[in-house]
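First comes the structure, then the notes that go with it.
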Amino acid sequence: MPGDPAAAPAPLPPPPPPSAAAGPAWRLLGTSREQLCLEFTLPTGQSFRWRRTGGGEFTGVVGRRVFQLRQDGGGGGDVAWRVIGRARGEDEARDEEALAEYLNLGVDLAALYAEWAAADARFAKVAPLIPGARMMRQDPVECLFQFICSQNNHISRIHGMVERLCSTYGTPLPLIDAGGGDVAEAAARAEQQQQQQQPAWEVGRKRSLSEVEAAACATAGGPGGGGPLAPEPEGDGGSGSGGDEAPGTPRGAAAAPPPSGDAPPPRRGRKGARAGGAAAERDAPSSSSGSSGGAGGETTAPEPFAAGAAAAAAAAAAAAGAAHFAFPTLDQLSAATEEELRALGFGYRSKFITGAAAALRARPGGGDAWLRALRGATAAEAAAALEELPGVGPKVAACVALFSLDKHDAIPVDTHVWQLATKYYARHLAGKSLTKKLHPEVAAAFVARFGERAGWAHSVLFISNLRQSQALMAGAGD
DNA sequence: CAGGTC
DNA sequence: ACTGG
């Protein structure tokens, strides 16, 4: 047990870098590491929209705002934040409110840890190594489509898919002109590091997540607290970062060379003809595109050019320099055709995306409201409703329920959670194989042990397992 | 062969 | 059965 509180490591730099760097000023969230650890929250599989953009710094989009977050290495590990991009119409005064909601800051995580530790000795043992693993509260639509993309997929690829979905169909988010005028620099930096991050959620990973963890959330007298707030704001200048100007993007659903392999095909940008950020600002108003009830293998082929237009607009904006995009709305998403998505590398998930978008839009009152209303439903109701959508099974449904619909007791059961369950929390299931019927049983086992926020607790255990396996692999030599 | 949904 | 490793 590395628990030596008094052993204050070293004098670490003060919380937020005043205004040394370019861009908006940083502000403090006022949280502790035990309440919020970015390293255990942002890149652990809940969302695929955050990327590392510097030492211990994360950049991601929340709603229609582009946030940057970094954890204070000193004191209690407060989180510094700022907004570097924002859609027109979004009130700056509400930035913090939006972030607080997204991070579920109203929930006292430390108190929950204490409860879970009291209820489970195993949790008590591993939890100190995984402080601040907080459940986020994402937008339901964004969460749903992210996890439809996640099936049968690796994290790195999911990241790419989600990014392509956003840059192709989503609204570009203009960077804030922070008076300084170094906005372009910030954009370039954020953009250049897009392939650097290494999420965790995946077990078989052989990369080292350890070093990164050590840097940010290593707590409990761990590795000297690392150097989170590296005093080197952004000295990294122009490392070319390779060609970002990929030629082909999805044209108007035309015949695009299917990127057979896994090579993440086109990124975005294509020819930077016009500096149009305005063009893509609209929401495809194609009202009801007639498609409905096609929940299955329906191939919608509404207006070919509508999709092309949306894609082209976003592509133009991207080429013009936009580096961040809001997740596409259902209207924007419905402009996508299966062929187009396949060309973008979504594979067989393409029909799930178009199918789910169509099915949602067919819901009375709109898919967005329909999904949001599930926040008021029971976990079982929400799961059942979600599983009506194409491409959504028990696992994806649980992810959406837990990560965006306030179903804090939902348990996404994948093979790793299954192992965890049969080994510790539902021994009677050992030996069996995971079938759809057993999902509820597994979930019930976790709830029985951890209570109404079992989903949150399960996340801590999951991350712990990742770390554990990685540590073993690192130590085993091979 | 591994993961999820059909 | 499907798909990417």
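Note that the structure is a prediction, hence the values are computed from the model and not measured. All values below were derived from every heavy atom in this structure, side-chain atoms included, with hydrogens, water molecules and symmetry-related copies excluded. Quick note on labels: first sequence line is chain A, next is B, and so on, each numbered from 1.
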Starting at atom [atom1] of [X], determine the distance to atom [atom2] of [N], rounded to an integer number of angstrom.
X        : N     : atom1 : atom2 : result
A:Lys437 : B:dG4 : NZ    : C1'   : 19 Å
A:Phe352 : B:dC6 : CZ    : C1'   : 7 Å
A:Arg349 : B:dC6 : CZ    : C1'   : 14 Å
A:Tyr348 : C:dG5 : OH    : P     : 12 Å
A:Trp418 : B:dG4 : CH2   : P     : 13 Å
A:Gln419 : B:dA2 : CD    : P     : 11 Å
A:Met161 : C:dT3 : CE    : C1'   : 10 Å
A:Ile148 : B:dC6 : CD1   : C1'   : 14 Å

Practice problem: List in chain and number order the residues that pass salt bridge (Lys or Arg N to Asp or Glu O under 4.0 Å) with A:Asp120, two or more places apart in sequence or in another chain; answer none if no residue qualifies. | Solution: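 With sequence neighbours excluded, A:Asp120 shows a salt bridge (Lys or Arg N to Asp or Glu O under 4.0 Å) to A:Arg449, given in chain and number order.
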Quiz item: Under the salt bridge (Lys or Arg N to Asp or Glu O under 4.0 Å) rule, what pairs show up with a residue in residues 434-446 of chain A, not counting sequence neighbours?
Solution: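 For residues 434-446 of chain A, and leaving out neighbouring residues, the salt bridge (Lys or Arg N to Asp or Glu O under 4.0 Å) pairs sorted by first residue read A:Glu387-A:Lys436.
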Quiz prompt | Which nucleotide in C:dG5, B:dT5, B:dG4 has an atom nearest any side-chain atom of A:Thr415 | solution =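 Selected nucleotide (nearest to the side chain): B:dG4.
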Exercise. Select one nucleotide: of C:dG4, B:dT5, B:dG4, the one nearest the side-chain heavy atoms of A:Arg157.
Key: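 For A:Arg157, the side-chain atoms sit closest to C:dG4.
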Quiz item: Should stems be defined as at least three consecutive Watson-Crick or G-U pairs with both distances under 3.5 angstrom, which of them involve DNA chain B?
Solution: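 The stems are B:1-3 with C:2-4.
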Self-check item: ring-ring contact (aromatic ring centres under 6.0 Å, His included) partners of A:Phe346, counting only residues at least two apart
Solution: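 Testing A:Phe346 for ring-ring contact (aromatic ring centres under 6.0 Å, His included), a comparison that skips the adjacent residues, returns none.
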Self-check item: Residues that A:His408 engages under ring-ring contact (aromatic ring centres under 6.0 Å, His included), provided they are two or more places apart
Solution: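 Per chain and number, A:His408 pairs via ring-ring contact (aromatic ring centres under 6.0 Å, His included) with A:Trp456.
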Self-check item: Between A:Gln68 and A:Glu57: side-chain donor-acceptor atoms closer than 3.5 Å
Solution: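 A pair is found: one side chain offers a donor N or O, the other an acceptor, under 3.5 Å apart.
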Quiz item: Quick one: side chain to side chain donor-acceptor pair (under 3.5 Å) pairs with a partner in residues 106-117 of chain A, sequence neighbours left out?
Solution: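 Of all non-adjacent pairs touching residues 106-117 of chain A, those that pass side chain to side chain donor-acceptor pair (under 3.5 Å) are A:Gln35-A:Asp108.
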